[in-house]
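Below: one structure, written as structure tokens.
Source: prediction; values computed, not measured. Numbering of ligands and ligand atoms starts at 1, following listing order.
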Amino acid sequence: MTDETNASDACVVGVDFGTLSGRAVVVRVRDGAELGTAVHEYRHGVVDRVLPVTGEALPPEWALQVPADYLDVLRFAVPQAVEAAGVGAKQVIGIGTDFTACTMVPVTVDGTPLCELPEYERNPHAYVKLWRHHAAQPQADRINDLARQRKEPWLPRYGGLISSEWEFAKGLQVLEEAPEVYDAMARWVEAADWIIWQLTGVYTRNACTAGYKGILQDGAYPGEEFLAELNPKFATFVKDKLDHPLSALGDKAGTLTTKAAELTGLPEGIAVAVGNVDAHVTAPAAQAVEPGQMVAIMGTSTCHVMSGDVLREVPGMCGVVDGGIIKGLWGYEAGQSGVGDIFAWFVNNQVPPAYHDEACERGISVHELLSELAATQAVGEHGLVALDWHSGNRSVLVDHELSGVVLGQTLATKAEDVYRALLEATAFGTRVIVDAFTDAGVPVTELVIAGGLTKNTLLMQIYSDVTDLPLSVIGSAQGPALGSAIHAAVAAGAYEDVRAAAKAMGSVRRNVFTPIPDNVDAYERLFLEYQELHDHFGRGGNDVMRRLRKLRRDALEGKN
Ligand SMILES: Nc1ncnc2c1ncn2[C@@H]1O[C@H](COP(=O)(O)OP(=O)(O)O)[C@@H](O)[C@H]1O
Ligand SMILES: O=C(CO)[C@@H](O)[C@@H](O)COP(=O)(O)O
């Protein structure tokens, strides 16, 4: 703390790098008061259709980002948040960040993203592969098949399957489709760590993403023999591109460099916390750091995180990592790859103009209009059941070749009916996850909801009814950014550990939504139908979704 800074005025900055934008929040260290906030939309958003530089169409399932967009968040949102807070920059004693996880940046030895070099800017593989880049599914399938065959000990720690979203599947895809990019990349870096590199000038690898997305268990990655069997040139992937000493969550990664101080307007030399993940960082912000408290961070996707005092292998979970959320406890993670994204897809592609016009006239969003209309319905009235797999299935099936379904449509089906069925489908998806944890001996006793979707009260009530659990809601509208601020406070030495900082700075409103008994019963019947469809299409009853994906790929490649 500087001489000019009175301890009671000290602030920290938390920055949350989401899928579409980055948000900065200035938080008072002593009580977690959020003094100012600012959002910066990524200029290129999600690059999933054409590569900006060339206009070249991207293949299906691709999702890239442009790393310069992340720096713009530091350049614009951070000073704007400080200004909005009405505090002097000198009061800021630390900065912490969180990122979408397994958003991977191929970089040179000094951290320059390959896409920023003229020789690679036209190569899509030189760009950031966003967490929801799902084009590495063939590689993920091979990794899973081989790991099963060889009985790799790490596989059960990931619920029996690793995802196409993860470091190894994406890395293997780069090797096999763009060997020149693979050779040129000195490191395969989580964006969560790349941003810390930009702030401190030093590369640190956070224990959270390394454990969940980098297949690091009990101090070891998959071995060279395993990797060589996938592809001989992949044998040294860990040694050449990945391996790096780990840094624990809440630790100080370093201090803010002169360059980063100029970029952000924050004082040079303040503490920078080790990189973290948007989902995991939210648990302390919601004061949900004890076993049984599952936090669902509901935005474009949903991540479910929960600490546990026992190690269990939960089928279909994303992973379990020692200290993955809080030091001293096992951190569990599961997730749904599409939630808000599915509602957005529906609103943007399937809703007739009259709804858009009405929403516009009333000054509300189409989401709000559809939710208002759907809220008048009794459970089951629309006669529909849907599968929430428009962005594939992360938990518990771990298969991104799966796709969405709406069953039961008739000529009388309206947009609000399908919208409600999609809301419900995502709640059923969460129910499957909650049941999987409870059945595996890691019972979920409380569901705490965070993220942008908490504002939809119909959706929240549906989740409470479908899971038959009371819902607590995080007190902050900026959960991940607040969580990052909590980690910044710990890194700056203001609190002994994340637990203590969470107690002082986090907040939660308990039992905001409670199950309505009649709805619980009605949803029980609908959930059975969901399960039937879930198992039929997701567990090999009918592989039509995979066949359709192949037909699509062949058609796009002109093979049909
Ligand atoms: N009223 C609403 N009801 C349901 N979904 C909504 C509503 N408003 C926005 N959304 C969806 O919320 C998602 C954005 O969530 P948010 O938490 O803000 O973002 P992120 O996941 O990037 O952090 C978008 O996918 C959007 O479609
Ligand atoms: O994968 C994870 C966490 O492990 C998330 O970062 C990813 O689902 C993105 O989350 P958002 O939808 O941007 O909140």
Q) Mind checking whether Asn456 has an N or O less than 3.5 Å away from an N or O of ligand 1? A)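 The answer is yes, given that Asn456 and ligand 1 share an N or O pair closer than 3.5 Å.
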(Q) If the criterion is any heavy atom closer than 4.0 Å to an atom of ligand 2, which residues make the list? (A)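 Within 4.0 Å of ligand 2, the protein residues are Thr19, Thr100, Ala101, Trp131, Lys213, Val277, Asp278, Thr300, Ser301, Cys303, Glu333, Arg394.
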Q) Do Met298 and Met460 have side chains that get closer than 4.5 Å, going by heavy atoms? A)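 Result yes, sub-4.5 Å side-chain heavy-atom pair found.
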(Q) Contact between Val320 and Val314 at the side-chain level, heavy atoms closer than 4.5 Å - yes or no? (A)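 Side-chain contact under 4.5 Å: no.
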Q.
Taking side-chain hydrogen bond (donor to acceptor under 3.5 Å, both in side chains) as the criterion, tell me which of His134, Lys170, Lys213 meets it with Glu165.
A.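 For Glu165, the side-chain hydrogen bond (donor to acceptor under 3.5 Å, both in side chains) test succeeds with only one of His134, Lys170, Lys213, which is His134.
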Show which atoms of ligand 1 fall inside a sub-4.0 Å distance from at least one heavy-atom site of [X].
X	result
Asp341	25 (O)
Ala344	27 (O)
Gly452	17 (O)
Tyr419	3 (N), 4 (C)
Phe343	4 (C), 5 (N)

How far is [atom] from the closest protein heavy atom, and which atom is that?
atom	answer
atom 22 (O) of ligand 1	Thr19 N, 3.6 Å
atom 8 (N) of ligand 1	Lys455 CE, 3.4 Å
atom 2 (C) of ligand 1	His367 CB, 3.3 Å
atom 19 (O) of ligand 1	Arg23 NH2, 3.6 Å

(Q) Apply salt bridge (Lys or Arg N to Asp or Glu O under 4.0 Å) to residues Glu61 and Arg549 and explain how you reach the verdict. (A) CA-CA 10 Å; Glu61 332 304 343; Arg549 286 285 170 128; 3.0 Å; yes
Q: Could you name the option among Cys303, Gly22, Gly299, Gly340 that has the heavy atom nearest to atom 26 (C) of ligand 1?
A: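 The residue whose heavy atom sits nearest atom 26 (C) of ligand 1 is Gly340.
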Q: From the options Thr300, Leu453, Thr454, select the one whose nearest heavy atom is closest to atom 6 (C) of ligand 1.
A: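 Answer by nearest heavy atom: Leu453.
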Q.
Using 30° and 60° as the class boundaries, would you call the ring planes of Tyr212 and His280 parallel, tilted or perpendicular?
A.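 Aromatic pair Tyr212/His280 classed tilted.
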Q: May I ask you to say whether Arg510 pairs ionically with Glu446, meaning some side-chain N is under 4.0 Å from a carboxylate O?
A: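 A salt bridge links Arg510 with Glu446.
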Q) Is NZ or CZ of Arg187 both nearer than 6.0 Å to the six-membered ring centre of Tyr203 and within 45° of the ring axis? A)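 No; the conditions do not both hold, so Arg187 does not lie above the ring face of Tyr203.
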Q. So, Thr426 versus Gln336: side-chain donor-acceptor pair below 3.5 Å or not?
A.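 No, Gln336 and Thr426 have no side-chain donor paired with an acceptor closer than 3.5 Å.
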